[in-house]
A.B. asks: 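Have a look at this one.
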There are 2 protein chains.
Amino acid sequence: MNPRDSRTAVTALLADRGYRLTAPRRQVLDVLVASRTPLSAAEIHRRLENRRINLASVYRTIYVLRRLEAVRVTDAIGAEQRFELADPFSAHHHHLICQDCGRIDDFEGCPLEERVLRAVNRRVRRSRRFRVVQHELRLIGACADCDRGRPDGAERRP
Amino acid sequence: MNPRDSRTAVTALLADRGYRLTAPRRQVLDVLVASRTPLSAAEIHRRLENRRINLASVYRTIYVLRRLEAVRVTDAIGAEQRFELADPFSAHHHHLICQDCGRIDDFEGCPLEERVLRAVNRRVRRSRRFRVVQHELRLIGACADCDRGRPDGAERRP
DNA sequence: GGTAGACTGCAACTCGTTTGCAATATGAAT
DNA sequence: ATTCATATTGCAAACGAGTTGCAGTCTACC
């Protein structure tokens with residue numbers, strides 16, 4: 001689904017479920033649609049055109065978008081939550097997460113074949129009575145900027 | 001690696017890198033080795049035999065164990081951080097995460113074949129100059145306890 | 001345009017995590 | 001065993017992401 005369509009689809013979904021289309025909601029949605037990486041609430045807030053919108057409203061908007069399953073959470077490694085458009089509204093993808101700087105990038109496509117996925121889902125369904133709704137693959141490592149002159153597993157923190 | 005060996009290996013690693021083997025460290029390690037699911041700092045603290053150990057020491061121990069790459073973080077969906085033994089010290093596995101109650105269970109084995117993994121690693125190495133160190137597959141859905149009479153995408157929060 | 005009530009901004013609050021500091025315990029040397 | 005330098009701890013205060021109550025505002029619908 002392309003950005004324009006995602007936007008339309010989500011606003012329609014909002015109206016359909018009886019939610020009002022307010023300025024904060026429209027703008028948060030615009031920011032999410034425009035970004036090709038997951039964003040934290042603070043980042044979304046920073047990118048809003050109207051800076052008088054409160055951070056609390058960003059959180060509240062994210063909350064309703066999550067209820068509508070238009071947005072999902074994908075955490076960084078031990079950092080704040082990050083949000084992105086959920087699967088029907090964006091192409092299925094996974095994430096490259098930098099261990100060092102916490103940066104997250106999208107990774108187009110999915111190395112898990114349909115066949116394998118179905119087998120896994122069936123297996124956990126039977127053995128654990130767990131119903132898989134979505135899957136998320138996180139490739140964790142070192143991004144281009146961080147992967148220089150760092151032979152040891154050194155980190156930033158004191 | 002079995003629990004006893006993991007314990008020995010990690011304590012050896014601590015000594016080897018010049019860290020002292022103190023009561024808090026030994027006990028936090030014991031708790032981690034004994035658990036077959038990732039634990040939050042508070043949960044680890046609750047399970048320590050000597051309850052006079054401070055929560056701050058649990059965090060500090062986790063910090064050094066992470067530096068040694070003996071422990072890794074795996075977040076719940078929008079909840080607190082959870083910690084578990086890292087790959088060399090525990091069998092390679094992934095997680096079942098319940099969308100609803102946040103519960104995390106281990107999922108033995110890995111549906112990603114060596115061949116596929118290598119191809120993916122090569123691909124992101126070339127196209128993004130990203131070096132993959134580890135991967136994490138999260139199967140997100142509904143656990144046995146939560147998957148009853150919840151046709152709508154309803155959640156807990158108000 | 002007028003109206004009910006959904007929604008926002010604000011500010012105070014919660015709670016997971018971090019940190020400064022004085023007191024304590026560890027590992028190595030004696 | 002005893003001593004010693006200092007790495008490590010407990011405590012309490014601080015920090016920061018995320019949440020919430022409330023009075024005022026704006027949306028959707030008439």
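The structure displayed is predicted, hence computed values, not measured ones.
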A.B. asks: Rounding to an integer number of Å, can you tell me how far B:I44 CD1 sits from C:dT17 C1'?
C.D. replies: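 Whole-Å distance recorded here is 13 Å.
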A.B. asks: Establish, with yes or no, whether the OP1 or OP2 oxygen of D:dG10 is under 4.0 angstrom from a side-chain nitrogen or oxygen of B:S57.
C.D. replies: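 For D:dG10, OP1 or OP2 has a side-chain N or O of B:S57 closer than 4.0 Å.
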A.B. asks: On DNA chain C, does the nearest nucleotide to B:N54 precede the nearest nucleotide to B:R26 from the 5' side, or the other way round? Give the residue.
C.D. replies: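 First, find each residue's nearest nucleotide; the 5'-ward one identifies B:N54.
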A.B. asks: Quick check on C:dT8: is either OP1 or OP2 less than 4.0 Å from any side-chain nitrogen or oxygen of A:T22?
C.D. replies: yes
A.B. asks: Which atom names give the shortest non-hydrogen contact between B:V58 and B:A41, and what distance separates them?
C.D. replies: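 Nearest pair, atom of B:V58 first, then B:A41: CG1-O, 3.9 Å.
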A.B. asks: Is the phosphate of D:dG18 approached by A:Y59 (side-chain N or O, under 4.0 Å from OP1 or OP2)?
C.D. replies: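 Yes, because at least one side-chain N or O of A:Y59 sits under 4.0 Å from OP1 or OP2 of D:dG18.
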A.B. asks: Calculate the interatomic distance between A:N50 atom CG and C:dT8 atom P; express it in whole Å.
C.D. replies: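 Those two atoms, CG and P, are 12 Å apart.
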A.B. asks: Which whole-number value in Å describes the distance from B:R51 CZ to D:dT9 C1'?
C.D. replies: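 Whole-Å distance recorded here is 17 Å.
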A.B. asks: May I have the distance from B:R20 (atom CZ) to D:dT9 (atom P), rounded to whole angstrom?
C.D. replies: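 Whole-Å distance recorded here is 10 Å.
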A.B. asks: Rounding to a whole Å, what distance do you find between A:H45:NE2 and D:dG18:P?
C.D. replies: 13 Å
A.B. asks: Does D:dG10 have OP1 or OP2 sitting under 4.0 Å from an N or O in the side chain of B:R52?
C.D. replies: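 B:R52 to D:dG10 OP1/OP2: no side-chain N or O under 4.0 Å.
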A.B. asks: List the atom of A:R25, the atom of A:R20, and the distance in Å for their closest heavy-atom pair.
C.D. replies: NH1-O, 2.8 Å
A.B. asks: Does a salt bridge link A:E43 with A:R47, judged by any charged N lying under 4.0 Å from a carboxylate O?
C.D. replies: no
A.B. asks: We want to know whether B:H95 and B:D106 form a side-chain donor-acceptor pair, criterion being a heavy-atom distance below 3.5 angstrom.
C.D. replies: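 A donor-acceptor contact under 3.5 Å links the two side chains.
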A.B. asks: Starting at the 5' end of DNA chain C, which residue's closest nucleotide do you reach first, B:A56 or A:P24?
C.D. replies: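 By nearest-heavy-atom nucleotide position, the 5'-most residue is A:P24.
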A.B. asks: Return yes if some donor-acceptor pair links the side-chain N/O of B:E136 with the main-chain N/O of B:T74 below 3.5 Å, else return no.
C.D. replies: no
A.B. asks: In whole Å, I'd like the distance from the CG atom of A:L55 to the C1' atom of C:dC10.
C.D. replies: 12 Å
A.B. asks: So, does B:Q81 get its side chain near the phosphate of C:dG16, meaning an N or O under 4.0 Å from OP1 or OP2?
C.D. replies: no
A.B. asks: Is B:R60 touching bases, backbone alone, or none of the nucleic acid, heavy atoms closer than 4.0 Å?
C.D. replies: base
A.B. asks: Just the rounded figure in Å: distance from P of D:dT8 to CD1 of B:I53.
C.D. replies: 15 Å
A.B. asks: Expressed in angstrom and rounded to an integer, what is the separation of A:E80 atom CD from C:dT17 atom P?
C.D. replies: 13 Å
